[in-house]
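Working notes for the structure below.
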Amino acid sequence: MTSIDGGAPLEKLPIVILISGRGSNMLAIAERAASGALPVEVRAVISDKAEAAGLASAAALNIPTRSLSPREFADRASYDQALAALLESFQPQLVVLAGFMRILSPGFIATFADRILNIHPSLLPLYRGLHTHRRALEARDSLHGCSVHFVTEELDGGPLVIQAQVKVRPDDSESSLSARVQQQEHSIYSQAIDWFARGRLQLREQRAWLDDRPLEAPVIHAASD
Ligand code: NHR
Ligand code: GAR
């Protein structure tokens, strides 16, 4: 690898991305990695659903893809064990959940302790779990958004890293609102992964640290319009 300033070239961090569906976050990350904008190497994209559209998009970028169906396993613990073994075969230093729709058991979390990130479509701690856009609309919130957090055993409860706010419009539907939130997801997820890859972001003592300081609150990208 060459470096423009003659300094040491930046090592690329090996990552594996887990998806269940469309994979727009996965694509945003993979495209930035391919262009050199993100210092990561996407070693594999893995889905729990063989029919996930994102698998074909990843394959088109020459990224190795795998699917592992829970139906082939007796229980969650044995599925998660097989998933962890599959991931480990790619030796990732970071596991990126990008629309991965299965809760991960404590054993899986322990295997990749401190190196799993998730993007969640709400301003956590609001609206953990599913159907976040619908719930924000039903509550008539004027502000919604998305959050990147480290994954711990507590569902959608791990330390927050960065959030983007999105203003809710009076005529918003679930789909119009989620489309605007997703645009922000692609940008803040890339930012968080970039920090992690450059060694600027860590999980220590159950908190997120950025540039050697514990984050008292997530970095916030304010709504623009
Ligand atoms: N696992 C752990 N341990 N901790 C987290 O914070 C996790 C996690 C796995 C996934 C993503 C999360 C989200 O961003 C995530 C965070 C799935 C469900 C869920 O209820 C909830 C939250 C998230 C992902 N899944 C159902 C299940 O029984 C299945 C739902 C379905 O298949 O449609 O696994 O929102
Ligand atoms: C994203 O909006 C992500 O925040 C959300 O699913 C979408 C996946 O889109 N994640 C969850 O709801 C996790 N439970 P994508 O497949 O196009 O990246």
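We count ligands from 1, going down the list as the structure has it; atoms in each ligand are counted the same way. Fair warning: this is a prediction, and the values are worked out from it, not measured in the lab.
The contact set between ligand 1 and Ile119, taken as ligand atoms under 4.0 Å from a residue heavy atom, comprises 14 (O). Each of the atoms 6 (O), 8 (C), 10 (N) of ligand 2 lies under 4.0 Å from some heavy atom of Gly99. Every atom of ligand 1 is numbered from 1 in the order shown, and the set under 4.0 Å from a heavy atom of Glu154 is 6 (O). Ligand 2 places these atoms under 4.0 Å from at least one heavy atom of Pro121: 4 (O), 5 (C), 10 (N), 11 (C), 12 (O). Near His120, with a cut-off below 4.0 Å to any heavy atom, the atoms of ligand 1 are 13 (C), 14 (O), 35 (O). Atom numbering of ligand 1 starts at 1 in the shown order; those under 4.0 Å from a heavy atom of Phe100 are 10 (C), 11 (C), 24 (C). Under a 4.0 Å criterion applied to the non-hydrogen atoms of Gly129, ligand 1 contributes the atoms 35 (O).
Closest to atom 1 (C) of ligand 2, if we only count protein heavy atoms, is Glu185 OE1, 3.1 Å. Distance from atom 13 (C) of ligand 2 to its nearest protein heavy atom, with residue and atom name: Met101 SD, 3.5 Å. Scanning the protein for heavy atoms near atom 6 (O) of ligand 1, the closest one is Asp156 N, 2.8 Å. Regarding atom 25 (N) of ligand 1, its nearest protein heavy-atom neighbour is Met101 O, 2.9 Å. The closest protein non-hydrogen atom to atom 7 (C) of ligand 1 is Leu155 CD1, 3.6 Å. In this structure, the protein non-hydrogen atom closest to atom 1 (N) of ligand 1 is Leu104 N, 3.0 Å. Gly23 N, 2.7 Å is the protein heavy atom nearest to atom 16 (O) of ligand 2. Nearest protein neighbour of atom 10 (C) of ligand 1, counting heavy atoms only, is Arg102 O, 3.4 Å. Annotation: atom 11 (C) of ligand 1 to nearest protein heavy atom, Asn118 ND2, 3.3 Å. For atom 15 (P) of ligand 2, the closest non-hydrogen atom of the protein is Ser24 N, 3.3 Å. Gln182 NE2, 3.2 Å is the protein heavy atom nearest to atom 9 (O) of ligand 2.
Below 3.5 Å of separation, one finds no N or O of Ile109 facing any N or O of ligand 1. The distance criterion of under 3.5 Å between nitrogen or oxygen atoms is met by Asn25 with respect to ligand 2. Residue-to-ligand polar distances keep Gly157 apart from ligand 1: every N/O pair is separated by 3.5 Å or more. Distances between N or O atoms of Arg76 and those of ligand 1 include at least one value under 3.5 Å. Taking any N or O of His149, backbone or side chain, none lies under 3.5 Å from an N or O belonging to ligand 1. Between Val151 and ligand 1, no pair of N/O atoms sits closer than 3.5 Å. The N/O atoms of Thr152, backbone and side chain alike, include one that comes under 3.5 Å of an N/O atom in ligand 1.
Side-chain contact between Leu203 and Trp209: absent, with no pair of heavy atoms (C-beta onward) separated by less than 4.5 Å. Asp172 has its side chain within reach of Leu137: a pair of non-hydrogen atoms, C-beta onward, lies under 4.5 Å apart. Thr132 is not listed as a side-chain neighbour of Val181, based on a closest heavy-atom distance of 4.5 Å or more. The shortest distance between side-chain heavy atoms of Glu216 and Arg207 falls below 4.5 Å. The shortest distance between side-chain heavy atoms of Ser147 and Ile162 does not fall below 4.5 Å. Between Arg115 and Phe196 the shortest side-chain heavy-atom distance falls below 4.5 Å.
Contacts between Ile103 and ligand 1 below 4.0 angstrom, taking non-hydrogen atoms only, involve backbone and side chain alike. The proximity of Leu130 to ligand 1, defined as any non-hydrogen pair under 4.0 Å, is limited to the side chain. With a heavy-atom cut-off of 4.0 Å, Phe108 does not touch ligand 1 at all.
Ser24 and His186 share a side-chain donor-acceptor pair at under 3.5 Å. Tyr127 and Asp141 share a donor-acceptor pair across their side chains, judged by distance under 3.5 Å alone. Checked by atom type, the side-chain pair His133/His144 shows a donor-acceptor distance below 3.5 Å.
Residue contact annotation: Ile119 has a non-hydrogen atom under 4.0 Å from ligand 2.
The CZ atom of Phe100 sits 14.0 Å away from atom CE of Met26, with the distance rounded to the nearest 0.5 Å.
Ile46 pairs in a side-chain contact (heavy atoms from CB on, under 4.5 Å) with only one of the listed residues (Ile17, Leu55, Thr65, Leu83), which is Leu83. The side-chain contact (heavy atoms from CB on, under 4.5 Å) test with Leu201 is passed by exactly one of Val161, Asp211, Leu94, Val148: Val161. When the options Leu13, Ile15, Ile29 are evaluated for a side-chain contact (heavy atoms from CB on, under 4.5 Å) with Leu38, the one that passes is Ile29.
More than 12 heavy atoms of other residues, nucleotides or ligands shown are found within 6.0 angstrom of CD on Glu88. Atom CD of Gln202 sits in a crowded spot, with more than 12 heavy atoms from other residues, nucleotides or ligands closer than 6.0 Å.
Distance remark: protein heavy atom not present below 4.0 angstrom from atom 33 (O) of ligand 1.
Taking the centre and axis of the six-membered ring of Tyr189, the NZ or CZ atom of Arg32 falls outside the cone set by 45° and 6.0 Å.
Between the side chain of Gln163 and the backbone N or O of Leu124 there is at least one donor-acceptor pair closer than 3.5 Å.
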